[in-house]
Amino acid sequence: QLPYPEPEGLVTINHQAPTLGLETMGISPKLYLHYRDNAQAFVEVALMNDTQVTITGDGEPERIRAANVTPSFFRALRMPAALGRTFTEEDGTLGASEVAVLSDGLWRERFGACPSVLGQVIQVKGEPHEVVGVMPPEIDLPHDETRIWLVRQVDEANAQLGNFGDFAVVRLADGNTI
C-alpha cells in the first residue's frame, strides 16, 4: 500500500515499442503535454525523472539523489509539504526562479530540522535554489533515496516527442479505474 491519500487513484504511464524490442519505455515531454491537455481520465498528470546532483552551502558538498518534477507532481500524490509549500504553476514557468523542496531526511541531517531553512538559498549543481518546502518522511518518489525535488520547467514550444527518458504519474479522475 502506497503511503499517499487514495493510492488506488495513482497510476504510472509507460509506453511500449515492440517492433523496437522495447517492452517498456518512459514518456516524452511532448506526450506529457498531450496527456495533460487532452486526457479526460486524469485530473493530474506529472512528469518526473531521477538524477544525481551536488548540493553546496551549509556544510561540505554532498552528492544526493534528486527528482525533477513538474508542479503537478505533489498535487497528483495529494501530498502537502510538512513545512512550507510544494511547487506552484508559477514555479514551473520558463525563466522562473529556481526552487527546491527537501526530503525530511535531508532537512534533519543537513539542516538540523530547523524551520528557518525555508527561504534559504542553497546551491544545486552550482545554481542557486530557494528552499520552499520540506516533505513528510513517507514520500520517496520517484526513488526511495530521493533527497530533494527540483521543479521541472517544460518548454512547451520546443518539447520533443522522441525523447522517452522521463516518467509520468497520474491521478485518475473520480470514477475512473485502470
Side-chain angles (χ1 to χ4, degrees), residues 1-53 64-82 85-96 98-104 124-125 129 132-133 135-178:
Q1 177 90 0
L2 295 172
Y4 309 111
E6 303 171 47
E8 67 281 356
L10 284 175
V11 178
T12 58
I13 297 177
N14 291 303
H15 294 89
Q16 294 180 330
T19 57
L20 298 176
L22 298 173
E23 290 301 314
T24 188
M25 53 195 257
I27 187 171
S28 69
K30 189 73 166 185
L31 277 175
Y32 154 76
L33 294 170
H34 177 74
Y35 289 134
R36 184 196 71 186
D37 296 341
N38 298 293
Q40 297 176 3
F42 312 138
V43 291
E44 293 291 349
V45 179
L47 190 65
M48 62 183 174
N49 64 34
D50 185 40
T51 189
Q52 296 275 328
V53 298
I64 60 173
R65 187 171 292 264
N68 296 302
V69 300
T70 54
S72 54
F73 176 76
F74 295 109
R75 289 193 313 268
L77 297 180
R78 295 192 174 151
M79 185 64 75
R85 66 172 178 88
T86 59
F87 302 134
T88 65
E89 287 304 311
E90 292 78 29
D91 294 331
T93 58
L94 288 180
E98 296 287 350
V99 293
V101 173
L102 307 179
S103 71
D104 180 78
V124 180
K125 299 186 297 183
H129 287 67
V132 296
M135 294 308 294
E138 58 269 18
I139 185 170
D140 59 5
L141 284 177
H143 192 278
D144 62 356
E145 295 174 7
T146 300
R147 309 272 283 158
I148 192 170
W149 290 269
L150 308 171
V151 71
R152 173 78 183 267
Q153 298 172 345
V154 176
D155 182 353
E156 295 186 24
N158 296 305
Q160 298 293 313
L161 181 61
N163 179 0
F164 289 88
D166 293 303
F167 301 93
V169 62
V170 302
R171 171 66 66 176
L172 296 174
D174 288 341
N176 288 327
T177 64
I178 294 174

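Along the sequence shown, residues are numbered consecutively beginning with 1. Basis for what follows: all heavy atoms, side chains included, without hydrogens, waters or symmetry-related copies. Treat the numbers as computed from the prediction; the structure is a model and nothing was measured.
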Original post:
Side chains of Phe42 and Ile13: does their closest heavy-atom pair fall under 4.5 Å?
Top reply: yes
Original post:
With Glu6, which residues qualify under salt bridge (charged side-chain N to carboxylate O under 4.0 Å, His left out), at least two apart?
Top reply: Arg78
**OP:** Please determine which of Asp91, Thr51, Val69, Val124 meets the side chain to side chain contact (heavy atoms under 4.5 Å, CB included) test together with Leu150.
**Re:** Val124
Subject >> Shortest non-hydrogen contact between Ala66 and Val53, atoms and distance >> reply: CB-CG2, 3.7 Å
**OP:** Verify the neighbour count for atom CG of Leu94: are there more than 12 heavy atoms of other residues, nucleotides or ligands below 6.0 Å?
**Re:** yes
**OP:** Taking the side chain as every heavy atom from C-beta outward, state whether Glu44 and Ser72 have any pair of such atoms under 4.5 Å apart.
**Re:** yes
**OP:** State, to 0.1 Å, how close Pro80 and Thr86 come at their nearest heavy-atom pair, and which atoms those are.
**Re:** C-CG2, 4.4 Å
Original post:
Under 4.5 Å between any side-chain heavy atoms of Met48 and Val169, yes or no?
Top reply: yes
Subject >> Expected output: side-chain Thr70 to main-chain Leu47 donor-acceptor under 3.5 Å >> reply: yes
Original post:
Once you round to the nearest 0.5 Å, how far does OG1 of Thr146 lie from CE of Met135?
Top reply: 11.5 Å
Original post:
Does Thr93 have any side chain to side chain donor-acceptor pair (under 3.5 Å) partners at least two apart in sequence or in another chain, and if so, which?
Top reply: none
Original post:
Roughly how far, to the nearest 0.5 Å, is the CG atom of Asn68 from the CG atom of Asn49?
Top reply: 4.5 Å
Original post:
Which pairs with one or both residues in residues 157-178 pass salt bridge (charged side-chain N to carboxylate O under 4.0 Å, His left out), sequence neighbours excluded?
Top reply: Arg152-Asp166
Subject >> Within 6.0 angstrom of Phe167 CZ, more than 12 heavy atoms from elsewhere >> reply: no
**OP:** Could you tell me if the ring centre of Trp149 sits under 6.0 Å from that of Phe74?
**Re:** yes
Original post:
If you take all heavy atoms of Pro136 and Ile139, which pair is closest and at what distance?
Top reply: O-CG2, 3.2 Å
**OP:** Could you list all the salt bridge (charged side-chain N to carboxylate O under 4.0 Å, His left out) pairs where at least one residue sits in residues 155-164, not counting sequence neighbours?
**Re:** Arg36-Glu156
Original post:
Less than 4.5 Å apart, any side-chain heavy atom of Pro29 and any of Gln160?
Top reply: no
Original post:
Can you find a heavy atom in the side chain of Leu33 that is under 4.5 Å from one in the side chain of Val154?
Top reply: yes
**OP:** First locate atom CD of Glu138, then atom OG of Ser103, and finally report the distance between them rounded to the nearest 0.5 Å.
**Re:** 12.0 Å
Original post:
So do the side chains of Leu172 and Val43 get within less than 4.5 Å of each other, counting heavy atoms only?
Top reply: no
Subject >> Validation row: Pro71, Thr88 side chains within 4.5 angstrom (heavy atoms) >> reply: no
Subject >> salt bridge (charged side-chain N to carboxylate O under 4.0 Å, His left out) against Glu89, all qualifying residues, sequence neighbours excluded >> reply: Arg75
Original post:
Under a 4.5 Å cut-off applied to non-hydrogen side-chain atoms, are Val101 and Phe87 in contact?
Top reply: yes
Original post:
Of all residues at least two apart in sequence or in a different chain, which pass the side chain to side chain donor-acceptor pair (under 3.5 Å) check with Asp104?
Top reply: Arg108
